[in-house]
Protein chains: 2
Amino acid sequence: MNMKHPIDTTEGYLKKHGIKPSYQRIRIYDYLATHKNHPSVDHIYQDLRHDIPTLSKTTVYNTLKLFQVKGVLQVIVIEENENRYDADTDVHGHFRCEKCQKIYDVPVNISQLHPNGLEDFLIKENHIYFKGLCAMCRKK
Amino acid sequence: MNMKHPIDTTEGYLKKHGIKPSYQRIRIYDYLATHKNHPSVDHIYQDLRHDIPTLSKTTVYNTLKLFQVKGVLQVIVIEENENRYDADTDVHGHFRCEKCQKIYDVPVNISQLHPNGLEDFLIKENHIYFKGLCAMCRKK
DNA sequence: GTATCTGCAAAACATTTGCAATTCT
DNA sequence: AGAATTGCAAATGTTTTGCAGATAC
């Protein structure tokens with residue numbers, strides 16, 4: 001579980017954010033909270049459909065869009081043609097290895113970054129990511 | 001023109017990077033160099049097809065992919081479902097206004113950002129972007 | 001019983017691929 | 001001529017939409 005208030009259940013956590021906790025929504029949120037490898041829609045769908053045979057991909061899309069609007073996940077736009085999802089809503093960066101394709105979490109101190117010219121802008125989201133070779137792939 | 005060596009022509013600049021300067025490639029590069037608003041493939045295609053009626057979108061895709069591989073542009077992955085392109089290959093950030101959709105350049109000092117845990121990683125690309133409301137949209 | 005949620009099928013996009021015609025040297 | 005480039009048409013893959021049936025309160 002990856003929740004701000006660990007005492008909560010997923011159901012309570014979703015409710016608190018104005019999301020009706022249907023069975024599918026709870027399962028999708030729990031999947032994200034326990035699979036921190038920044039899954040794509042298809043990852044989520046393929047894994048969950050073994051447990052929930054009636055699940056449809058549309059529901060996964062609907063649910064993730066709702067989660068995004070309600071602020072319980074962040075969309076990681078790092079691949080050029082598919083979105084990834086992360087239940088960790090704290091500001092942090094990502095690293096994508098161009099060889100093994102894995103996406104790593106990267107702790108970054110955003111306060112060190114003082115962009116000029118944005119003084120009158122309202123910044124709602126910070127996105128930082130890196131691409132290259134991870135330690136393992138680099139050695140080979 | 002947005003070139004490291006302003007003395008060059010587009011033709012010379014492309015050659016230097018191992019790109020045969022065909023008519024279409026020169027026109028697409030010039031478009032990027034003079035339109036710094038981070039256009040999408042469709043922006044480029046729709047604008048250039050008035051001048052070059054035979055231009056195909058495939059050629060725009062082919063050319064941008066080639067430019068990316070040869071390192072004369074960077075792909076900005078900031079929209080959730082389409083790529084944007086920038087002939088400025090220096091490290092810099094972007095800000096996308098969620099209201100007017102405009103993408104602004106943001107000078108950032110990447111060296112201020114010392115991500116932990118990437119010591120053995122080879123970082124080839126840095127990407128930093130922000131989302132929110134720009135100064136103009138915020139006032140309204 | 002009325003709202004909402006789910007999921008199938010189809011549509012809408014962005015992007016890629018196969019291949020034939022064109023262009024360049 | 002030979003090699004690279006262009007561009008049409010079709011395919012692919014992701015995401016969205018319309019809508020009917022199921023579910024929840």
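So you know, we letter chains A, B, ... as the sequences are listed, proteins then strands, and number each from 1.
Checking the phosphate oxygens (OP1, OP2) of D/dT15, a side-chain nitrogen or oxygen of A/Tyr61 falls inside 4.0 Å. A close approach under 4.0 Å does not occur between any side-chain nitrogen or oxygen of B/Asn81 and OP1 or OP2 of D/dT14.
The two residues A/Gln74 and A/Asp90 come nearest to each other via the heavy atoms NE2-O, 3.3 Å.
In this entry C/dA3 has no Watson-Crick or G-U wobble partner, no candidate having both defining distances under 3.5 Å. If you check C/dT16 for Watson-Crick or wobble pairing at under 3.5 angstrom, you find it paired to D/dA10.
Ring centers of A/Phe121 and B/Tyr104: under 6.0 Å apart, within the cut-off.
When atom types are taken as modelled, the side chain of A/Thr34 and the backbone of A/Asp30 share a donor-acceptor pair closer than 3.5 angstrom. Remark: side-chain polar atoms of A/Thr59 are not paired, donor with acceptor, to backbone N or O of A/Leu55 under 3.5 angstrom. Using a distance-only test at 3.5 Å, with no hydrogens or angles considered, no donor-acceptor pair links the side chain of B/Gln68 to the main chain of B/Leu66.
At whole-Å resolution of the value, NZ in A/Lys15 and P in D/dA24 are 14 Å apart. Across the protein-nucleic acid pair, B/Glu82 atom CD and C/dA12 atom P stand 18 Å apart, rounded to whole Å. Protein atom NZ of B/Lys65 is 17 Å distant from nucleotide atom P of D/dT5, rounded to whole Å. Rounded to an integer number of Å, the gap from CD of A/Glu80 to P of D/dG13 is 17 Å.
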request  = Encode nucleotides 2-11 of chain C as B, S and - characters from 5' to 3', where the letter depends on protein heavy atoms closer than 4.0 Å: B to the base, S only to sugar-phosphate, - to neither.
outcome  = --SSSBBB--
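Ring pair A/Tyr29/A/Phe67 is perpendicular by interplanar angle, where above 60° counts as perpendicular and below 30° as parallel.
Nucleic acid contact class of A/Asn83 (heavy atoms, under 4.0 Å, all strands): sugar-phosphate only.
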